[in-house]
Structures are given as structure tokens and as C-alpha cells.
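Let me begin by presenting the structure, written as C-alpha cells, before commenting on it.
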Number of protein chains: 2
Amino acid sequence: MSKPTIRQLEYLIALQETKSFSKAAALSNVTQSTLSAGILDLEESLQQRLVNRGRKNITLTSFGEETCESAQKIMEEIDHLSYRAQAIKSPLCGPLRLGVIPTIAPYFLPRLMPRLKEQYPALELHLFEDISENLFEKLRRNDIDIALMAFPYKTHGMTQCPLFKEQFFLAMPKSLTTKENFAKLDDLDQQDLLLLEDGHCLRDHAVEACNLQIPSTRKAYSATSLQTLVQMVNNGLGVTLLPEMAVQTDHLPENIKILPFKKPQPTREIGLVWRKNSPKSGEFEMLSTVMTG
Amino acid sequence: MSKPTIRQLEYLIALQETKSFSKAAALSNVTQSTLSAGILDLEESLQQRLVNRGRKNITLTSFGEETCESAQKIMEEIDHLSYRAQAIKSPLCGPLRLGVIPTIAPYFLPRLMPRLKEQYPALELHLFEDISENLFEKLRRNDIDIALMAFPYKTHGMTQCPLFKEQFFLAMPKSLTTKENFAKLDDLDQQDLLLLEDGHCLRDHAVEACNLQIPSTRKAYSATSLQTLVQMVNNGLGVTLLPEMAVQTDHLPENIKILPFKKPQPTREIGLVWRKNSPKSGEFEMLSTVMTG
DNA sequence: TATTTACAATCGGAAAAATCAATACTAATT
DNA sequence: AATTAGTATTGATTTTTCCGATTGTAAATA
């Protein structure tokens with residue numbers, strides 16, 4: 001009544017993948033006899049058949065499938081173990097798939113990349129620009145390792161790591177001059193507020209921050225990027241909210257005037273999101289300090 | 001650069017528990033030299049120190065702790081594996097800790113136990129009666145294996161297995177005679193509705209079902225068990241809602257009249273809850289069929 | 001029907017590993 | 001300096017793993 005072996009569990013996984021003892025053996029880099037014996041041992045130690053040995057093709061029993069799932073979990077955990085051991089010695093090294101929302105990417109990445117290159121020259125950053133919803137889905141499916149996005153956003157089963165808050169500014173055409181040097185939230189719904197199209201969290205956060213009811217008729221004015229939005233404001237079509245980083249970085253057109261808000265200032269929070277069980281969690285913490293620093 | 005061994009991970013866990021190579025060795029039923037070599041091998045294969053070897057006492061490095069957590073997950077998964085292999089051959093056998101809420105236990109268990117004894121004579125049922133909140137906590141802490149309770153109730157990270165719905169009946173003193181043979185939900189807030197004390201989900205479900213605002217002043221009337229509540233109704237102190245099983249089973253006092261509700265009938269759902277990753281999930285499914293059948 | 005094919009199980013021996021018992025080593029304590 | 005309390009090391013022994021060759025068996029083919 002001994003315990004299953006990691007090797008035996010590997011054999012079982014290979015067997016499930018190949019549905020053949022000989023192929024599974026090749027996959028596991030052992031001879032067929034070894035794998036056969038290994039599986040028999042496993043069945044012996046569990047006192048349960050794992051494989052239906054048909055003449056033409058073999059299948060796993062339902063308990064075999066169940067066992068295989070556990071085996072995969074175990075192998076995954078072991079891989080994580082080894083990965084982390086490696087990552088301690090040379091963290092943030094090799095490929096890393098980073099998702100970024102469109103209202104952050106063009107402003108934050110140019111600042112980030114040089115610093116990252118300097119501190120972690122071996123890091124291969126693969127970028128994916130998409131809206132929060134899609135990034136979240138990509139995270140869940142392990143299509144990306146980590147996402148840079150704006151909160152509040154519910155990310156179940158993930159770790160959220162807030163980096164910093166930034167305030168929104170009012171961008172208006174110079175023609176709409178006021179003597180005021182500050183905008184007030186109350187003023188907003190009286191004017192033509194231009195927003196990004198649906199799906200951009202910036203839109204939601206702006207709406208939320210300003211406590212506005214946006215009638216769907218306004219959708220006619222929605223734009224697909226902040227740059228476009230700025231152009232629309234420049235042409236006198238209305239006003240909009242711009243996040244701090246867009247104001248600092250963008251080469252803004254002539255005809256645009258930026259006003260800060262009086263308190264309460266509308267803000268959004270920028271942060272990282274990753275799967276709670278990611279083996280790279282430790283490295284992501286380090287990444288976050290590069291991003292805040 | 002080989003892979004960690006299950007045995008090595010066991011050694012590490014023993015080491016964390018005992019903080020001593022010799023004691024850990026004894027715990028693992030090997031000699032001190034074996035365990036020492038095992039840990040060294042593990043450190044070698046991960047290329048990382050796992051143990052701070054102080055003269056007086058040893059500690060795990062932070063990576064050692066991290067590795068130990070993974071090791072525990074792995075061991076747990078392996079235990080599950082072995083347990084399930086065993087459980088297939090003789091399911092629902094041995095000790096099982098079942099939590100039951102007080103508004104179900106006295107009515108349902110007398111019906112359940114004989115059938116359970118018949119179908120699974122080797123099952124050792126240990127019963128824990130408590131309110132939903134505490135049962136949930138006991139589940140989380142693995143103080144019980146499974147709970148029988150009433151829905152809706154949010155049980156995060158658990159599997160809910162609904163068994164059946166039961167309707168509520170109105171229990172009133174015979175003195176309050178109406179010509180009606182049915183009660184209506186609208187009638188309720190005009191009368192003295194007696195409820196269980198706070199914490200009982202029956203109270204919440206009744207309130208919810210009847211769409212009532214219960215002023216806290218009514219608390220004066222609250223009782224600690226359905227039996228007590230029935231006595232209060234019997235003494236003409238008011239009316240109450242009783243679940244179907246209480247009506248069917250209880251030897252109700254003379255002075256009480258039971259009325260069914262007109263549609264929409266208020267109901268509650270009875271079901272099982274267990275940890276999603278419980279190795280006994282398969283057996284619990286079987287248990288549920290005994291309970292519905 | 002006889003033969004071939006395809007595949008898993010089994011066997012015996014060799015290589016690798018895990019383990020033990022004894023011993024060496026090291027720092028703190030007496 | 002001797003003792004103590006702990007871990008590391010060593011060499012022999014047992015156990016496990018693995019290979020290569022062989023056997024066994026049902027299906028496919030001739």
C-alpha cells in the first residue's frame with residue numbers, strides 16, 4: 001500500500017495524452033516496459049484500475065481520469081516550485097506577457113520601458129493592448145501573465161496590486177473661456193461631455209467619478225481613443241476628462257485648455273492584476289516597485 | 001537539475017514542523033542521515049538554500065517556507081488520490097462529520113438515519129447542530145466535512161447541492177379562526193408574527209419570502225427553537241411560519257391551526273454544502289441521493 | 001487456417017537511488 | 001579541555017528503477 005510516485009503520475013499523464021503505452025513511453029523517455037510496469041505499480045498501490053486495456057485502443061477509467069487531473073495539479077505545483085527556485089536567482093528574466101489597457105499604454109509604457117530595460121535587461125516583454133474585460137479573460141485563460149489596468153474593477157480569483165492614483169483633468173476648447181482656474185464636477189452635465197466608446201473602463205470611471213447619468217443618445221459622440229477624443233475637443237465639439245498621464249505626456253493641440261478639478265477631484269487608480277496562484281507572484285511584486293518608483 | 005521527490009518534500013514538511021533534523025527524521029521514520037541527505041539533495045536540485053542551519057536552532061528560508069507550502073498542497077493532493085481510490089471500493093464508510101441547522105435537524109434526521117444505516121451500515125455519522133453561519137465557518141476550517149442547510153445562502157468556494165424545496169405554512173392559534181382555508185402573504189404584517197432569534201436562516205428566509213420589514217422591536221418575541229415557537233403560538237401570542245417538515249413531523253399542540261399559503265407560496269430550499277476540493281465529493285453525491293430518495 | 005502485426009506484460013540483470021549505521025565535524029556549554 | 005547537542009559525511013546494503021529481450025494475446029492479413 002505504498003504511495004504514488006511523481007514518475008508514475010507522469011506516466012499516467014503521458015498515457016492519457018497518447019492513449020498508447022508505447023507512445024507514452026517514448027514521450028516520457030523510457031522504454032515501454034518501464035512505463036507499463038510503472039502504471040501497473042500505480043494501479044497496485046491505489047488498488048484500482050486506471051486504464052481500460054482494449055485490444056485496439058486504450059482509455060483511462062473514470063477513476064483514471066480523476067487521478068490524472070490530480071496528477072496534473074501536482075505536476076503543475078512542482079513546476080511552479082522549480083520555476084520559483086530559478087526566478088529567485090534571476091528574477092524578471094525571459095518572456096513575460098503584459099496586457100495594458102488603451103488609456104494607459106501610450107502614456108505609461110514610454111516612461112516604463114527604459115527603466116525596465118535598465119533594471120531587468122533580460123526581460124522579454126510581450127505587450128497586449130486591450131480593454132479591461134478582454135485582458136481579464138486573457139489572464140484567466142493564461143494567454144497573458146499580468147495586466148496593467150485601472151481600478152475599481154472586479155477581478156475574481158486574481159491579486160490586485162494598486163500602484164498609484166491619478167486625477168482626471170477637464171479638457172476644453174480655449175474658446176469656452178471662463179475666468180475660473182478650476183473646474184467643478186457640478187459644471188459637467190451642462191456641457192457636451194465627450195467620452196470613449198463603450199467597453200473602455202475610463203468611460204465607466206469618468207461616469208462613476210462624476211456621478212453622471214449618461215443618456216445613451218450621447219453615444220453618437222463617443223471616440224475610440226483618447227487621442228481622437230482630444231482632437232474632437234480641439235475642434236470645439238465638447239469637453240472631456242483626461243487622466244493625469246495623458247495631460248503630462250501628450251503633445252496637446254493648440255486649442256485645448258486643461259483645468260484641474262476642485263475637490264472632490266475625480267480620480268482613477270492604476271494597478272496590476274495577476275492570477276492569485278501565479279508562480280511569478282514574487283516577480284510581479286518587484287515589477288510593481290519598478291512601476292511606482 | 002533533477003526534480004524534487006515526494007519523499008524529499010515530506011522531509012521538508014517534517015523539518016518545518018519539528019525545526020530539527022533529528023526529530024524530523026524520527027517523524028519521517030528514517031535516520032537522521034537519510035533526512036539530512038534528502039534535504040541536501042532537494043537544495044541541490046532546486047539550487048536554493050531551504051534551511052538556515054543555525055547552531056542552536058534551524059529555520060526555513062523564505063523560499064523554504066514557500067516550497068513547504070507547495071509541498072503541503074502536493075501531499076494533500078496525493079492523500080486525496082489515495083483516499084478516493086479507497087472510497088470507490090467502499091464509499092460512505094468510516095467517520096463523516098455532518099453539520100445540520102437547527103430548523104432541519106429534529107425533523108429530517110429521524111427520517112434520514114434509518115435509511116442511511118441501511119444503505120451504508122459502516123458509516124459513522126458525527127452530527128453537529130448549529131446555525132448556517134457557524135456551519136459554514138466549521139466547513140472552511142475543516143471541522144466538519146459537509147453541512148445540511150437551507151438556501152439561498154452564499155457559500156463561497158463550496159459546492160452547493162440542492163436537495164428539495166419545501167413550502168412554509170402559517171401556524172396560528174385556533175382562536176383566530178377565519179373562514180379562509182388558505183393564508184395570504186399580504187395578511188401577515190397585520191398580525192403578530194413570531195420568529196426565531198437572529199442568526200437562524202429560517203428567520204431570514206421567512207422575512208425574505210414574505211417581503212417583510214421586521215422592526216427590531218419585534219425581537220422581544222423571538223424564540224430559540226421552532227418547538228418553542230410553536231408553544232408560543234399555541235398560547236395565542238401570535239402566528240408564525242413553519243417549514244413543511246416541521247408540520248409533517250411535529251406532534252403539534254391542540255390549539256394550533258396550520259394553513260397553507262395561496263400562491264405565491266413562500267418556500268425555502270434544503271441542500272448540502274461541501275468544500276469544492278473535498279476528496280469526498282463523489283461520496284457526497286451519493287449521500288444526496290439517499291437524502292432525496 | 002495459418003501468419004503476420006501490433007501492442008502490452010513479464011523476466012532477469014544492471015544501474016541508480018535511498019537508506020542505514022557509524023563516524024566526523026562544529027559550535028556552544030560545562 | 002571535555003562534554004553536549006546538533007548536522008554532515010562516508011561506505012556498505014537494500015530497494016527501486018530502468019532497460020533489453022522475450023512472451024503472450026488478440027486482431028488483421030494472407
Side-chain angles (χ1 to χ4, degrees), chain A residues 1-61 63-64 67-68 71 74-75 78 82, chain B residues 1-61 63-64 67-68 71 74-75 78 82:
Chain A
M1 231 45 102
S2 68
K3 281 214 182 129
T5 295
I6 289 182
R7 209 75 230 280
Q8 290 170 347
L9 296 178
E10 282 180 332
Y11 293 161
L12 183 64
I13 292 173
L15 199 50
Q16 191 209 30
E17 285 173 358
T18 61
K19 306 289 183 202
S20 148
F21 278 71
S22 4
K23 286 180 198 137
L27 192 62
S28 309
N29 295 311
V30 292
T31 58
Q32 173 264 316
S33 69
T34 298
L35 188 130
S36 181
I39 295 291
L40 286 171
D41 278 359
L42 189 56
E43 290 183 319
E44 166 72 15
S45 75
L46 293 175
Q47 299 270 302
Q48 281 290 332
R49 298 206 75 68
L50 296 165
V51 187
N52 296 315
R53 291 153 170 89
R55 280 302 137 198
K56 197 61 198 166
N57 51 2
I58 65 164
T59 58
L60 295 197
T61 64
F63 177 67
T67 304
C68 201
I74 290 171
M75 295 312 299
I78 290 180
S82 311
Chain B
M1 226 55 95
S2 68
K3 282 216 179 124
T5 295
I6 290 181
R7 209 75 232 280
Q8 291 171 346
L9 296 178
E10 282 180 333
Y11 293 161
L12 183 65
I13 292 173
L15 198 50
Q16 191 210 28
E17 285 172 358
T18 61
K19 305 289 181 204
S20 147
F21 277 70
S22 4
K23 287 181 197 134
L27 192 62
S28 308
N29 294 310
V30 292
T31 58
Q32 173 265 315
S33 68
T34 297
L35 188 130
S36 181
I39 295 290
L40 285 172
D41 278 358
L42 189 56
E43 290 182 319
E44 165 73 14
S45 76
L46 293 176
Q47 299 270 302
Q48 281 291 331
R49 298 203 72 69
L50 297 165
V51 187
N52 295 315
R53 291 149 169 94
R55 280 303 140 198
K56 198 61 197 167
N57 52 1
I58 65 164
T59 57
L60 296 196
T61 64
F63 178 67
T67 303
C68 200
I74 290 171
M75 295 312 298
I78 290 179
S82 310

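We name chains A, B, ... by the order of the sequence lines, and we start the count at 1 in each one.
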Can a side chain N or O of [X] be found less than 4.0 Å away from OP1 or OP2 on [N]?
| X | N | result |
| --- | --- | --- |
| Tyr11(B) | dT7(D) | no |
| Arg7(B) | dT19(C) | yes |
| Thr34(B) | dA18(C) | no |

For a quick check of understanding: with a heavy-atom distance under 4.0 Å over all strands, which category does [X] fall into, base, sugar-phosphate or nothing?
| X | answer |
| --- | --- |
| Ser36(A) | base |
| Asn29(B) | sugar-phosphate |
| Asn57(A) | nothing |

[Y] backbone acceptor or donor facing [X] side chain under 3.5 Å:
| X | Y | value |
| --- | --- | --- |
| Glu43(A) | Val51(A) | yes |
| Thr18(A) | Lys23(A) | no |
| Ser28(B) | Ala24(B) | yes |
| Thr5(A) | Arg7(A) | no |

For the pair made of [atom1] in [X] and [atom2] in [N], what is the distance, rounded to whole Å?
| X | N | atom1 | atom2 | value |
| --- | --- | --- | --- | --- |
| Gln32(B) | dA18(C) | CD | P | 17 Å |
| Lys19(B) | dG6(D) | NZ | P | 16 Å |
| Glu10(B) | dT19(C) | CD | C1' | 15 Å |
| Leu40(B) | dT10(D) | CG | P | 11 Å |
| Leu35(A) | dA9(C) | CG | P | 9 Å |
| Asp41(A) | dA8(C) | CG | C1' | 15 Å |
| Glu44(A) | dT16(D) | CD | P | 13 Å |
| Phe21(A) | dT10(C) | CZ | P | 11 Å |

Minimum-distance pair of heavy atoms, taken over all atoms of Thr67(A) and Leu9(A):
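Reported closest heavy-atom pair: CG2-CD2, 4.5 Å.
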
Let's see if you can work this out: which of [options] has an atom nearest to the side-chain heavy atoms of [X]?
| X | options | value |
| --- | --- | --- |
| Thr5(B) | dA18(C), dC20(C), dA8(C) | dA18(C) |
| Thr31(A) | dA8(C), dG20(D), dC20(C) | dG20(D) |
| Ser22(A) | dC18(D), dC7(C), dA9(C) | dC7(C) |

Classify the side chain of Ser33(B) versus the base of dA21(C) as yes if they form a donor-acceptor pair under 3.5 Å and no if they do not.
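Per atom types, the contact qualifies.
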
